[in-house]
Amino acid sequence: MVDFNKLQKPVLISGIPAGLISVIPFIHCLCCVWLILFGFLSAYLFKKDTGTLEIEDGVISGALTGLVAFVIMMILSIIFIFFKVGISPLMGEDMAMQGIMSGFSLLFILFTGLIQIIVFPIFGAIGGIIGAVLLKDKELSEQNPR
Amino acid sequence: MINPRSRRYNITAYTMILLAVVLWDTSLVVAPYFAYVGGIYQSISDIIYFNFHFLCHQMPERSLFILGNKMPVCLRCAGIYFGFLIGTIAYPFIRGLETRDIPHKWILIIALLPVGIDGLTQLVGLRQSTNDLRVVTGTILGVLSAFFIVPAFLQVYDEMCNFLRKKLND
């Protein structure tokens, strides 16, 4: 099983910027790629720190990165809503402009939080898997140089 | 000879991931349908649209319309998600549930290249992609990525079961 102490640094280094970036509306132009990239970064940093990277390490480091990003995004969103500054992803001003939002409520935000607490770690984990797949062969070739 | 317990675990883990993917893809079709029906279903539709806006730009010109309402993701994302469903369904027939081997990294690179080139050249303004190209490149990535994500999930599920079993025995 993965050593969680070794995960702290890569997860925080990649998860905090991922959370901060998630409040930028333009970032959604990249579809889900930004979250996957930070999951990949987390796996890369884990490999750099420990020298090994198994698939489960990639999955867990990526998923935890997504979870940290979700927490940061929620905190920033609540701050933005409370102080009524900037554009919060939870306020969905871009959605309101498109005329597909019928209104906001606490229940709505709660539902969104419940869904995104699963979605963010899933996409982070996908980035971690990609990282583990792409970096694992490199590790083997380093061990057996030709 | 396959251990009956591990076979049961494999089927359980695979069913979980398949159901999650089916639910995910169903919500893409259900959202515009609920928006069309209206009433109380409109709120459910709003929640689905809003939650997908974290993952997609949702530009109408790059989306498929169902009953006059656009899908909650663009055609490239829809291609990835429906392709992933095809890949997940095909996975046990092609690879089997017992294997945990991940295909070679070049298959993943080949899967990422069409989407990467198409998306990046458009993003920097070199050219404009078409919806057909978005669907095709997205579907290639979706189908092939299932062959990396499904075994990884099965492996993590194994690890979790072993970890919990060990904890319960201690």
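Quick note: numbers below take in every heavy atom, side chains included, and nothing from hydrogens, waters or symmetry partners. First the proteins, then the strands, lettered A, B, ... as listed; each starts at 1.
One finds the CD1 atom of A/Ile129 at 9.5 Å from the OG atom of B/Ser145 (value rounded to the nearest 0.5 Å). Rounding to the nearest 0.5 Å places CH2 of A/Trp34 at 8.5 Å from CZ of B/Phe54. Note that CG of A/Asp57 and CD of B/Glu159 are 8.5 Å apart. Values are rounded to the nearest 0.5 Å.
Linking ILVMFWY side-chain heavy atoms closer than 4.5 Å, directly or via other members, places B/Leu19 and B/Val156 in two distinct hydrophobic clusters. Linking ILVMFWY side-chain heavy atoms closer than 4.5 Å, directly or via other members, places B/Ile86 and B/Ile110 in two distinct hydrophobic clusters. Under the 4.5 Å side-chain contact rule for hydrophobic residues, B/Phe34 and B/Leu67 share a cluster. No continuous path of hydrophobic side-chain contacts links B/Leu133 to A/Val33 [ILVMFWY only; heavy atoms under 4.5 Å]. B/Ile48 and B/Ile40 fall within the same hydrophobic cluster, defined by Ile, Leu, Val, Met, Phe, Trp and Tyr side-chain heavy atoms under 4.5 Å apart, directly or through other members.
For a residue to count as touching a neighbouring chain, one of its non-hydrogen atoms must lie under 4.5 Å from one of that chain's; by this rule B/Ile149 touches chain A with backbone and side chain alike. Contact annotation for A/Ile118: neither backbone nor side-chain heavy atoms come within less than 4.5 Å of a heavy atom of chain B. Within the 4.5 angstrom heavy-atom criterion, atoms from both the backbone and the side chain of B/Ile47 approach chain A.
Of all heavy-atom pairs between A/Val133 and B/Pro103, the closest is CG1-O, 4.5 Å.
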Inset, instruction - Begin with the C-alpha distance, continue with both residues' side-chain angles, and end with the deciding distance and a verdict on side-chain contact (heavy atoms from CB on, under 4.5 Å) for B/Phe50 and A/Thr112. - result: CA-CA 8 Å; B/Phe50 187 68; A/Thr112 301; 3.5 Å; yes

Inset, instruction - For the pair B/Leu55 and A/Phe120, evaluate side-chain contact (heavy atoms from CB on, under 4.5 Å) and give the outcome as yes or no after the intermediate values. - result: CA-CA 9 Å; B/Leu55 302 170; A/Phe120 269 55; 5.8 Å; no

Inset, instruction - Could you check A/Leu134 against B/Ile109 for side-chain contact (heavy atoms from CB on, under 4.5 Å), going step by step and ending with a plain yes or no? - result: CA-CA 8 Å; A/Leu134 295 183; B/Ile109 293 169; 3.8 Å; yes

Inset, instruction - Under the side-chain contact (heavy atoms from CB on, under 4.5 Å) rule, what do B/Asn51 and A/Val119 come out as? Steps first, then yes or no, please. - result: CA-CA 9 Å; B/Asn51 275 283; A/Val119 171; over 6 Å; no

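No other option in B/Ala152, B/Ala35, B/Ala20 has as many heavy-atom pairs under 4.5 Å with chain A as B/Ala152.
The neighbour count for B/Tyr157 OH, taken as heavy atoms of other residues, nucleotides or ligands under 6.0 Å away, is above 12. By the neighbour-count criterion of 12 heavy atoms within 6.0 Å, atom CZ of B/Phe93 is sparsely surrounded, having that number or fewer from other residues, nucleotides or ligands.
A donor-acceptor contact shorter than 3.5 Å is absent between the side chain of A/Glu56 and the backbone of B/Gln155.
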